[in-house]
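Only one structure is covered here, and it is reproduced in the block below.
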Amino acid sequence: MSLLAHSAEDPADNRAHLLTNGTAQRYHRAVTESVRRISAKIAGTARPFTGITVDGLTPTVSGVDLDAPLHDAAAALDELEEVYLRDAVYFHHPRYLAHLNCPVVIPALVGEAVLSAVNSSLDTWDQSAGGTLIERRLIDWTAERIGLGEAADGIFTSGGSQSNLQAMLLARDEACRRELTREGATSPKFSTPPPLSTSFERGDPHEQGGPPSRLTDVLPRLRILTSECSHFSIRKSATLLGMGAEAVIAVPSDENKRMRTDELAAQLARCERDGLIPMAVVATAGTTDFGSIDPLPEIAGLCAGYGAWMHVDAAYGCGLLVSRRRDLLSGIERADSVTVDYHKSFFQPVSSSAILVRDRATLKHVTYHADYLNPRRMVEQRIPNQVDKSIQTTRRFDALKLWLTLRIMGAQAVGELFDEVVDRAADAWKLLHDDPRFDVVVEPQLSTLVFRYVPTTDQDPELSDRVNLHAREALFASGEAIVASTVVGGRHYLKFTLLNPETTLEDIATVLDLIAEHAGSFLAEQPRPALSAR
């Protein structure tokens, strides 16, 4: 008999579905059954995907009448098998090699169960209590690992894109504050610097009329400099912040896909010459496509020389903070802000990310006060409200997952898992480098490999593009493995992103053979002149 079979509770009693002291046993039965089912599903997964198509699955989902509830959790889980679980993409499978999605550690899943049931909101102390202190302790721990200093602070976020957005917001407002103060101090019209808007002083522009009109002269001059290989969220952030994508200057990368510091220096000098303000330089510690790490010490030196905010997007590479390869992040300690994604290389469930800053005072740029939420008297009473640091209000207690991971496993164990996938990528690079069927772009610093099936010695680039795209799509449709794709130099390439310590070199070799088989089948169907196989 199912653990979720009808009990004496009346399913028509809506309050019976609320988690309260009176329904705790019902909650226990429901969660126990769901965990039993998903455990069996995870254990029995034979491949990462079924190959279902959008057209194949849409009628099943669309056919569900959301206005006709089942009144039975077991029946709902049965239905969920059909609309989701059967055809889900399973990141824990060793032949899922596509994106920056990791298998998750069990202690974090325990945290997920706790935080979702208690449902604390981390915006204010009176909604979270100990949750606030746990999050603040984890921020301090991360800042210590980075080496940001005693004045550091930060906040958990929904992901790297939000962390990068907040970093750019802080950098923008700091650049405006400095520029307006400088202009005020040197202008003959002012004996003292002109008053800045509350948006730059106290974080509440609505109380005193918003930003000064002179900001309209400063904002168009702001520039963000970042590698051509950096994450798209930097350009998106510039747009969201009202600066426009044209405010982002793409700095060329070298043959290893790392930012060229000579080019960065030239662009910074050009900004100075043209009267532009280098508001921020964004260095990447683990690019999405190549896993490359920009030369952080040299970038830090240039930022110091030009007075630019240094942001390090370590969403991917943050796992190095607990790795034996920690020296790869040398220079990150000089950053003004850092993005970390624990849900990438700390093996946490989505979402679990943070933005760290060197100087907690800069977080005033996102501080707004509301009488019903975090009135100013709470500051005087030294009551810690995390909403004072965040661009979000309501936030899940995602920090609990990392807390339990560190308390149960420890940081060293997490680092060893990350080192395993980096080691595996190094071995896989050798495999690809020595295989004449493939061309691999760069030797990885982390766990990403970008490569291309090469159909002929005198290859047609257009044919190679079609072959590689077909091989990826055919592999995905088979469900046997999942790989990603990207574009390098205008040509289509395939990509392995290794974040699963369970993935073996044999798995990788098997996937390469499958890619070659699909590519060969495609070539066999082409007109005769295209059949010169390597």
Side-chain angles (χ1 to χ4, degrees), residues 48 89 91 93-103 227-231 253-258 284-294 314-317 319-320 323 325 328 341 344-345 347 417-455 464-465 467-476 480-519:
V89 176
F91 303 150
H93 194 280
R95 293 182 188 174
Y96 176 85
L97 306 170
H99 303 287
L100 281 165
N101 307 118
C102 60
S227 162
E228 61 183 355
C229 298
S230 66
H231 196 259
S253 59
D254 61 19
E255 65 277 7
N256 293 313
K257 306 303 178 182
R258 305 170 74 223
T284 308
T287 58
T288 303
D289 270 349
F290 303 100
S292 51
I293 300 172
D294 289 333
Y316 179 9
L320 295 171
S323 157
R325 296 175 168 87
L328 290 175
D341 268 10
K344 289 187 172 68
S345 45
F347 305 97
L417 289 176
F418 188 59
D419 279 327
E420 280 192 60
V421 297
V422 178
D423 288 341
R424 195 80 69 254
D427 292 338
W429 178 81
K430 295 175 185 174
L431 194 67
L432 277 161
H433 183 267
D434 295 339
D435 191 330
R437 299 174 299 176
F438 298 97
D439 172 39
V440 59
V441 179
V442 295
E443 186 172 357
Q445 288 183 282
L446 294 180
S447 62
T448 302
L449 292 155
V450 178
F451 62 97
R452 177 175 169 88
Y453 179 80
V454 182
S464 293
D465 282 349
V467 167
N468 283 276
L469 288 174
H470 171 83
R472 177 182 182 266
E473 292 167 1
L475 186 63
F476 183 71
E480 294 295 328
I482 302 178
V483 302
S485 65
T486 190
V487 174
V488 182
R491 306 261 62 107
H492 290 281
Y493 279 73
L494 304 177
K495 182 171 71 167
F496 286 162
T497 305
L498 306 179
L499 278 180
N500 189 347
E502 291 290 302
T503 299
T504 65
L505 197 60
E506 181 181 356
D507 286 315
I508 294 168
T510 298
V511 173
L512 290 175
D513 286 341
L514 289 171
I515 290 170
E517 286 178 19
H518 289 301

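Just so you know, these numbers come straight off a predicted model, no measurement behind them. No hydrogens, no waters, no symmetry mates; every other heavy atom, side chains included, goes into these values.
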For [X] and [Y], does a side-chain donor sit closer than 3.5 Å to a side-chain acceptor?
| X | Y | result |
| --- | --- | --- |
| Ser447 | Tyr316 | yes |
| Ser227 | Asp294 | no |
| Asp507 | Thr510 | no |
| Asn468 | Tyr493 | no |

Answer whether the closest heavy-atom distance between the side chains of [X] and [Y] falls below 4.5 Å.
| X | Y | result |
| --- | --- | --- |
| Ile482 | Leu97 | no |
| Arg437 | Tyr453 | yes |
| Val442 | Glu255 | no |
| Val450 | Val488 | yes |
| Phe451 | Phe496 | yes |
| Leu475 | Val511 | yes |
| Leu494 | Arg452 | no |

Exercise. If you measure from the Lys or Arg side-chain nitrogens to the Asp or Glu carboxylate oxygens, is any gap between Asp439 and Arg491 under 4.0 Å?
Worked result: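 Here Asp439 does not pair with Arg491 in a salt bridge, since their nearest N and O are not under 4.0 Å apart.
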Problem set entry | Salt bridge present between Arg325 and Asp423 (N-O < 4.0 angstrom) |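 Result for this pair is yes, salt bridge flagged.
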List the atom of [X], the atom of [Y], and the distance in Å for their closest heavy-atom pair.
| X | Y | answer |
| --- | --- | --- |
| Ser345 | Gly319 | OG-N, 2.8 Å |
| Lys344 | Ala315 | CD-O, 3.6 Å |
| Asp465 | Gly490 | OD2-O, 4.3 Å |
| Pro501 | Val421 | N-CG1, 3.5 Å |
| Ala519 | Ala471 | N-CB, 4.3 Å |
| Ala474 | His518 | CB-ND1, 3.5 Å |

Exercise. Do Phe418 and Phe347 have their ring centres less than 6.0 Å from each other?
Worked result: no
Rounded to the nearest 0.5 Å, what separation is found between the [atom1] atom of [X] and the [atom2] atom of [Y]?
| X | Y | atom1 | atom2 | value |
| --- | --- | --- | --- | --- |
| Leu100 | Leu446 | CG | CG | 9.5 Å |
| Ile293 | Thr284 | CD1 | OG1 | 10.5 Å |
| His470 | His492 | NE2 | NE2 | 15.0 Å |
| Cys102 | Leu498 | SG | CG | 13.0 Å |
| Leu328 | Leu320 | CG | CG | 5.5 Å |

Using modelled atom types and a 3.5 Å cut-off, is there a donor and acceptor pairing between side-chain atoms of [X] and backbone atoms of [Y]?
| X | Y | result |
| --- | --- | --- |
| Thr486 | Asp289 | no |
| Arg472 | Val483 | yes |
| His93 | Arg95 | yes |

For this session: Determine the sole option in Thr497, Asn101, Asn500, Thr503 for which the side chain to side chain donor-acceptor pair (under 3.5 Å) test with Tyr96 is passed.
Result: Asn101
Problem set entry | All side chain to side chain contact (heavy atoms under 4.5 Å, CB included) counterparts of Ser292, not counting sequence neighbours | Lys257, Arg258, Thr287, Phe290, Gln445
Problem set entry | Test side chain to side chain contact (heavy atoms under 4.5 Å, CB included) applied to Asp435 and Lys430, step by step | CA-CA 9 Å; Asp435 191 330; Lys430 295 175 185 174; over 6 Å; no
